[in-house]
Amino acid sequence: MTIGTGGPVASFSVWDYVVFVGTVLGAAGIGLFQAIRGRKNNNSGEFLLGGRQMTAVPVAMSLTASFMSGITVIGTPAEAYRFGTDYWIFAISYAIMSIITAEIFVPLFYRLGITSTYEYLEMRFNKLIRVIGTSMYITQTALYTGMVIYAPALALNQITGMDLWGVLVATGVVCILYCTLGGLKAVIWTDVFQMVIMLAGFVAVIARGAVIQGGLGKIWDDCYQGGRLSAFDFDPDPLKRHTFWTIVVGGSIMWVSIYSINQSQVQRYISCKTLTQAKLSLYGNIIGLWLTVSLAVFSGLTMYSIYKDCDPFTNGDVGAVDQLLPYLVMDTLAAYPGVPGLFVSAAYSGTLSTVSSSINALVAVTVEDFVRPVCKNLTDKQVSWINMGLSVFFGFLCIGMAAIASLMGSILQAALSIFGMISGPLLGLYVLGMFWRTANSTGGLTGLIVGLVITLWVGIGAQIYPPLADKTNPLPISVAGCNRTQDLNYTTLAPWTMAVTLTPLPDDRPALADSWYSLSYLYFCLLGTLVTVTVGLVVSAITGGCKQDNLRLDLFVRRSDLFCAGCGKDSEALDPEINEKAGSELKNGSNNAGFKDSQFNIVDKDVEKVTKM
C-alpha cells in the first residue's frame, strides 16, 4: 500500500511491544527508586511536597508534562490538521499565564506555606467555602482523569489492536505504584522522563514525514497551499471558536486557572526549596510548553502534507479524528520496528504524567482538607499510611471513571468541557479574595454559585447546540487521491467541530443557539471569573464587607511580590504593624507540619525588612 492513499495499516510488532512495555517499566522503576532513596524521610511533607527541596528544572518539566496528557499528544496534531496553525498562538497565552502565576499567585501561596490550595479559601473566607472548593476539585479531577486514561486508550486500541481494558488497568496500576511508594518526588522525576519520551515521539513523526515528502520545506509549502498557515485572525467576534483574541485573552485566563489554583500545579511549585526556584520553574515551564505545542502542531502539519489528497476520516479509514495521528504512525513508521512503540509510549507518557499528577494532588487535598481537620493528633507514620492508602483508592477510582467514560459516548467531550467551566468561577473566587479586602464570605459564596451556574448554562447549551461551521472555521480536505474512496471522490469541508452533541440536533435551533451558546469555549473561564468577581463584590458591599478591618495582610497580593519579592520602594506601602501581626500569627502555629521551619523564615524576612523601613 502506498503511504497517504488510504486503506488498512499494519499493527504492532513484537519490538513495538518491547519498547512500550520498557517505557512503562522505566516509569515504575523511577517510583521504586525514589521510594528506596527516601525511605528514611517517610513523612507527609516528604510525600506530598518532596520535602520542599525540589529545584526549578525538574519542576518546570513536570509542570509542562502534567497537563500535556495523551489527549494533547493525539489531539493537538489533529487540531492542526483540521483547523491549521491557530493553536500555535497558545504560545503567547502560555507566556502570559506563566508571568501572572509566577508574580501573583506563587509568592502568596509560598508565603502562606500551604499544602492544599484550598486552605487559602478557609483562611480568607470560611470553612464551608473551603469544603465546597475542595469537593468541586475532587469531582472534576477524578472525572477528568478517567477521561484522560480512556480517550487515548480508545484511539490507540482501534489503531494498534492493543487490548483496551488491559491498557487502562495497566496505566492506572503503574501510576498507583509509583505515587504510593514515591510520592511527589517520584511523580516529578517520572514526569521528566515522560516529557522526554513525548517530545521524542513528535520528532520521530516529523522526521519520517520529512523523508517521505522530500523535506520540511515541502511540508510547509503543502500547508500553505492548503490554507493551514493563516493563523492570525484578528476578528474580535467572541463567537468564533479560535481567533487571535479568543486564544490570547480567553486562552490565557483559562491556563491561568489551571496553573495558578489547580492543586496538581500548585503542589509542584511550592515543593521548590526557595521562592526564586518556584518562580524560575514557571518561567522554565514556558520553554517546555512552547517546545511541546510547536512539535505537536508541526506533527499535524506533517500529517496534512501526507494526507492532503486522501483524508483518512472522510475515507473511512478511522472512526474518529483523534485516531488520525496513530493511523499516520502505523502508516509511515510500521517499517521501523520499535518506532511505533515509541509513539505509543509518547501518548501514554502524557497519560501517565497527568494521572500521576492528579492522584498525588487528590491525596494532598483530601488529607489537608478532610483528614487533618478531623484527626488532629495523627503521627507522621499514620499520615504516611493514609497517603499511600488514598493513592491506591484514587487510582482505582480514576480507572473506574475510565470505565464509566466508555459508556458515555459523545458525553466524553462534554465532560472535558465541564472541567474547564468549573475553573473559571474558582479562579474568580481566588481573585476576589486576593485583591479585594471588602469581599466577605457571603459575597464569595454567592459569586461562586452564580458564576458556576452561568458557565454551566452556556457550556452545556453549546454541547446541545454545537456552533455552526462559520464559527468553527474547518478547513478543506480531500479524498481525490484515495485508492479506496467509498464513492466519496470529492473535496469537501471537514464535517467536525470541537463541540459534541449530547442529543440529536433539532432542525430549528433556538435563538440562543447562534449567539449565547456559540460563545467560544475559550471564553467560558473568563466569563466565570468576571461573573464571580462582580457578583461577589456587589453582594459583599450589600452584606457589610466594607466593615472588615481584622483581616491578615499576608492573605492579599503585595506590590512587593511582583518581580522583587519584598525589596524596593514598593515595600514602603506596606503597614509594618499589620505585617508584624501577620508574621506573629504564622509563628504561633501552622497546621502543616511538613514545612513549618521554611515558612517562618520567609515571613520573618519579609516582616523584618518592612519593619526596619
Side-chain angles (χ1 to χ4, degrees), residues 1-12 73-88 155-156 158-161 201-231 295-336 339-340 343-344 347 469 472-498:
M1 183 190 75
T2 304
I3 292 174
T5 57
V9 294
S11 58
F12 253 34
V73 174
I74 294 173
T76 304
E79 166 75 22
Y81 174 84
R82 297 156 58 198
F83 296 100
T85 52
D86 289 356
Y87 204 85
W88 229 327
L156 294 170
Q158 295 186 2
I159 293 299
T160 66
F202 285 136
V203 170
V205 169
I206 295 169
R208 177 58 177 157
V211 171
I212 293 172
Q213 296 301 98
L216 297 176
K218 179 63 166 60
I219 294 174
W220 194 260
D221 184 62
D222 286 342
C223 293
Y224 176 77
Q225 296 297 329
R228 260 63 184 173
L229 303 183
S230 301
L295 289 176
V297 168
F298 205 85
S299 294
L301 297 181
T302 301
M303 182 160 56
Y304 173 76
S305 179
I306 294 174
Y307 294 129
K308 62 183 181 295
D309 295 322
C310 182
D311 173 53
F313 180 77
T314 307
N315 195 49
D317 297 318
V318 298
V321 293
D322 284 338
Q323 296 173 356
L324 286 170
L325 189 61
Y327 180 86
L328 172 70
V329 169
M330 299 310 300
D331 192 13
T332 60
L333 293 170
Y336 301 90
V339 180
F343 168 77
V344 175
T472 56
N473 300 323
L475 296 173
I477 51 88
S478 172
V479 291
C482 295
N483 289 331
R484 181 176 60 85
T485 60
Q486 300 180 8
D487 299 325
L488 293 174
N489 290 311
Y490 55 84
T491 299
T492 183
L493 286 178
W496 340 278
T497 67
M498 284 300 292

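Only this structure's heavy atoms are used, side chains among them; waters, hydrogens and symmetry mates stay out.
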>> Between R208 (side chain only) and T332 (backbone N and O only), is there a donor and an acceptor less than 3.5 Å apart?
In response: yes
> Can you tell me how far CD1 of I219 sits from OG1 of T302, rounded to the nearest 0.5 angstrom?
Replying inline: 4.0 Å
> P476 and R228: which non-hydrogen atoms are nearest, and at how many Å?
Replying inline: O-NH1, 2.9 Å
>> Could you walk me through whether D311 and Y81 satisfy the side chain to side chain contact (heavy atoms under 4.5 Å, CB included) test, starting with their C-alpha distance in whole Å, then the side-chain angles of each, then the deciding distance to 0.1 Å, before giving a yes or no?
In response: CA-CA 10 Å; D311 173 53; Y81 174 84; 2.6 Å; yes
>> Give me each pair satisfying salt bridge (Lys or Arg N to Asp or Glu O under 4.0 Å) with a member in residues 296-310, each pair once, sequence neighbours excluded.
In response: D222-K308
> What is the minimum heavy-atom distance between V479 and N315, and which atoms define it?
Replying inline: CG1-N, 4.0 Å
> Distance-only, no hydrogens or angles: does the Q213 side chain make a donor-acceptor pair with backbone N or O of S305 under 3.5 Å?
Replying inline: yes
> Between C310 and G481, what is the shortest heavy-atom contact and its length?
Replying inline: CB-C, 4.1 Å
> Going by heavy atoms in the side chains, are L324 and P77 under 4.5 Å from each other?
Replying inline: no
>> Give me the atom names and distance for the closest heavy-atom approach of V9 to M330.
In response: CG2-CB, 3.7 Å
>> Is there a side chain to side chain contact (heavy atoms under 4.5 Å, CB included) between I206 and L216? Walk through the geometry before answering.
In response: CA-CA 8 Å; I206 295 169; L216 297 176; 3.9 Å; yes
> So which heavy atom on G209 is nearest to which on I306, and how close?
Replying inline: CA-CD1, 4.1 Å
> Is the closest side-chain heavy-atom distance between W88 and L301 below 4.5 Å?
Replying inline: yes
> Considering all heavy atoms of both residues, which atom of T85 and which atom of S230 are nearest to each other, and what is their separation?
Replying inline: OG1-N, 4.3 Å
> With under 30° as parallel and over 60° as perpendicular, where do the rings of Y307 and Y327 fit, or are they tilted in between?
Replying inline: tilted
> To the nearest 0.5 Å, what is the distance between CG (D86) and CD (E79)?
Replying inline: 7.5 Å
